[in-house]
Amino acid sequence: MIIILILLKKLPSLFLLVLISFLIFPSTVKGDTQTSISLTIDLPANPVYEQIAYTLRQTWEDIGINLEIATQEWGTYVAATAGKPPSYQLAVVEYQLSPEPDIYALYHSSGGSNLLGPYNDTTNDQYIETILELDDRTDRSIVMSSWQESFTQNLPMIPIISPEHHYGYSNMESFSPNMPYYAPAIHFDEGKTRYHVSLLDDANLMSPIHAFDANSFLVMDLIYDSLLRYDEDNIIVPDIATSYQVEDEGKTWHFNLRDDIYWHDGVRFNATDVYFSVMAAIDEDGLFGSILSGDWTSIYDPSIIVPSERWIGNITIDSEFEITFKLGRNYAYIPQSFMLPIMPEHILNVTDTDLDGSLTDEDAWFGIFEVSNVIGTGPYTLKKSDWLRDSQIRLNLRNVSNTHLPDEIDLNDPINQPHEITWLENPSFAIEEIYFRVISQHTTQVTSFENGELDMVSLLWNFELIDSMKTNGFLIAESTHYNIFSLVINSKDHVFAEENALHLKKAMAYQMDKASMIDTIFYGYAQSCMNPISPINVGYYNTLNPYIYEFNTQKAIDEMAAYGIIIETPTDTDDPTDSSPSEESPFLLMQISFMILIILTIQRKRSL
């Protein structure tokens with residue numbers, strides 16, 4: 001009571017002292033600290049993408065990140081994520097690599113399809129450039145591990161999930177789980193003459209240098225042959241070649257080609273077709289407009305200024321059935337480039353005037369696949385009339401009755417059988433017709449499968465149906481796929497361009513409940529992915545390092561604090577029975593004590 005009377009008596013003279021005390025000892029730090037941040041994530045209108053984003057939004061709320069989800073049509077989403085420069089802030093993407101992944105295009109700063117947007121890092125690029133020149137798989141894996149550790153340290157993107165891909169089969173007697181990485185293998189019942197396969201979307205185009213979708217390559221794999229291919233154990237073996245030799249420390253590749261192969265129209269295959277196909281794949285800006293030119297940048301003479309002439313002399317036709325490629329530099333992934341489907345030079349080496357005026361300019365070569373039959377050397381043929389857009393694609397087995405083999409070929413010769421005839425001895429090609437049916441609804445696909453209208457159905461995005469279909473006696477096979485769902489970060493966005501943005505990215509990585517995603521979204525059919533390539537890829541670095549981001553909310557909160565956002569953890573201070581002091585109490589007590597001390601000192605001096 002005495003102190004209060006003194007304060008009232010001296011109020012005018014003490015006002016300034018009170019103000020000074022509050023400046024010296026602020027009662028709270030909350031007003032000076034940000035407590036949340038808002039981010040936007042782009043994704044396509046797809047239930048799996050959406051569920052991933054919803055899970056991120058829910059868990060990130062606990063560390064002060066408010067996530068706005070922008071769901072878009074596929075074309076708008078692709079434009080936002082693949083544009084130069086990209087227009088997204090965050091995005092969920094799914095991508096797929098080959099078994100031994102060439103990471104240059106996806107992750108190098110100069111890569112044409114760089115998934116990292118405008119991200120630019122010298123260390124990252126040096127690792128990738130070294131990897132490209134190492135032919136030995138062991139040496140390459142060592143550098144790959146260093147690259148992955150550097151990558152996860154800097155987090156230009158955050159890998160999330162590597163899902164499994166399943167297919168349903170009916171009445172299968174035998175099945176090999178090792179399939180080509182880009183599409184499922186077609187396996188048939190003995191004695192079956194027709195086979196029905198479902199597709200969610202139509203194939204894009206039967207052009208190996210233009211198509212970008214898995215459905216197109218699924219069909220083309222049965223129409224075309226390649227120099228090399230993966231076998232069922234993902235071992236590289238000759239396909240349209242009989243053998244090949246590698247010389248000059250990996251810079252010279254010489255192929256011996258089969259001499260018993262004919263195109264679907266009866267014209268004999270030779271080395272000119274290989275030369276034409278590779279030159280078409282190289283041509284990015286001319287008539288062909290290939291999207292595969294990046295796969296062939298090693299086959300050129302960098303001293304030649306004119307780009308269109310850099311490849312002259314680096315590909316030589318040695319004879320009718322021999323061809324040699326000379327590389328300008330070592331390129332570890334050139335075998336996968338040689339898996340390019342070989343196209344018919346006599347059909348596609350055309351100009352505008354060859355197409356009766358119906359197509360002009362750059363549409364001429366591209367459009368020929370729309371106006372004529374697809375000609376290949378593979379076991380199945382595709383007629384223009386058998387491709388009903390957005391409905392059905394019918395392939396016919398190429399056999400003695402529908403193959404235009406020259407008359408001089410003796411079909412009864414037991415020793416020198418043409419390539420086409422040997423197919424008939426393979427039970428896998430006992431199917432005379434394959435129907436690819438476009439069924440856009442997952443539920444309709446599964447219903448048609450269960451009713452016996454389909455022989456194979458893709459269960460991608462239908463993880464919840466796998467167990468029930470197993471229970472009903474259907475064969476569910478897992479395909480060897482190399483897909484990854486990742487969170488892509490636009491490093492040029494104003495938020496992530498900040499100097500301390502790495503702390504924010506680390507907080508996001510720690511606050512990803514991948515185990516929950518695997519259980520609730522993928523029904524257990526997925527793996528947590530810590531690195532920018534799938535865990536089943538050759539060269540995957542699976543040793544734990546300091547930059548592995550397991551789900552850890554406390555570490556996420558600590559990283560947010562380092563970023564500048566203080567997260568208020570729940571307390572019991574709202575309970576009226578709780579008499580414990582708040583975090584402001586020490587500052588308030590110090591202010592009161594200081595004020596009283598000043599007042600008493602002044603009063604004592606006046607009393608003397």
Side-chain angles (χ1 to χ4, degrees), residues 206-211 217 219-231 236-245 253-283 288 290 292 296 299 315-325 335 337-350 354 365 368-369 372-383 395-411 413 415-426 428-429:
M206 296 299 113
S207 167
I209 66 171
H210 294 120
F217 282 97
V219 178
M220 284 193 290
D221 189 47
L222 298 168
I223 298 174
Y224 296 102
D225 291 314
S226 305
L227 287 172
L228 303 175
R229 65 178 175 85
Y230 282 110
D231 67 8
I236 297 173
V237 297
D239 188 15
I240 209 169
T242 58
S243 63
Y244 63 94
Q245 298 81 42
W253 290 70
H254 179 78
F255 288 89
N256 301 298
L257 307 176
R258 297 186 62 132
D259 60 2
D260 59 353
I261 294 180
Y262 293 83
W263 295 98
H264 293 166
D265 60 359
V267 175
R268 191 168 188 160
F269 158 84
N270 59 41
T272 302
D273 296 304
V274 178
Y275 180 89
F276 167 79
S277 299
V278 173
M279 291 301 292
I282 287 171
D283 185 6
F288 301 132
S290 171
L292 300 180
W296 299 92
I299 307 179
I315 308 175
T316 57
I317 298 176
D318 305 310
S319 71
E320 188 176 8
F321 300 105
E322 291 180 287
I323 189 168
T324 300
F325 299 85
S337 298
F338 289 134
M339 294 179 189
L340 170 75
I342 303 303
M343 300 170 287
E345 187 271 345
H346 70 285
I347 296 291
L348 299 176
N349 192 10
V350 298
D354 296 319
W365 196 84
I368 198 170
F369 289 96
S372 66
N373 299 332
V374 179
I375 304 298
T377 58
Y380 285 89
T381 64
L382 175 58
K383 298 179 181 179
L395 300 184
N396 291 280
L397 176 65
R398 180 185 184 184
N399 54 36
V400 176
S401 62
N402 64 21
T403 297
H404 303 285
L405 295 176
D407 295 335
E408 63 267 21
I409 296 295
D410 183 1
L411 301 181
D413 184 351
I415 299 176
N416 235 344
Q417 288 294 343
H419 181 47
E420 291 83 354
I421 304 306
T422 59
W423 285 326
L424 300 180
E425 301 173 358
N426 187 335
S428 293
F429 298 111

Parallel, tilted or perpendicular, as decided by the 30° and 60° cut-offs, for the rings of W253 and F338: tilted

To the nearest 0.5 Å, what is the distance between CD (E320) and CG (L257)? 10.0 Å

So, do M220 and F217 sit near enough that their side-chain heavy atoms are less than 4.5 Å apart? yes

Answer with yes or no whether the side chains of N256 and S243 bring together a donor and an acceptor at under 3.5 Å. yes

Can you find a pair of side-chain heavy atoms, one from N270 and one from F321, that are under 4.5 Å apart? yes

Test side-chain contact (heavy atoms from CB on, under 4.5 Å), reference I342, set Y224, Y275, W263, output is W263

To the nearest 0.5 angstrom, please state how far the CE atom of M339 sits from the CG atom of D221. 11.5 Å

Tightest non-hydrogen contact, residues I236 and P335, listed as CD1-CB, 3.5 Å

Using the side-chain contact (heavy atoms from CB on, under 4.5 Å) rule, pick out the option among V374, V219, T381 that qualifies with L395. V219

Are the side chains of M343 and I209 in contact, using a 4.5 Å heavy-atom criterion? yes

For residues L340 and L227, determine if any side-chain heavy atom of one lies less than 4.5 Å from a side-chain heavy atom of the other. no

Are a donor atom and an acceptor atom from the side chains of S226 and D239 found within less than 3.5 Å of each other? no

Taking C-beta and beyond as the side chain, do H264 and I223 meet within less than 4.5 Å on heavy atoms? yes

Between D225 and T377 the two heavy atoms that sit nearest each other are OD2-OG1, 2.7 Å

Is it true that a side-chain atom of D273 and a backbone atom of P344 form a donor plus acceptor pair closer than 3.5 Å? no

Do I240 and R229 have side chains that approach each other closer than 4.5 Å (heavy atoms only, starting at C-beta)? no

Determine, step by step, whether Y244 and L228 satisfy the side-chain contact (heavy atoms from CB on, under 4.5 Å) criterion, reporting the C-alpha distance in whole Å, the side-chain angles of both residues, the deciding distance to 0.1 Å, and the verdict. CA-CA 9 Å; Y244 63 94; L228 303 175; 3.5 Å; yes

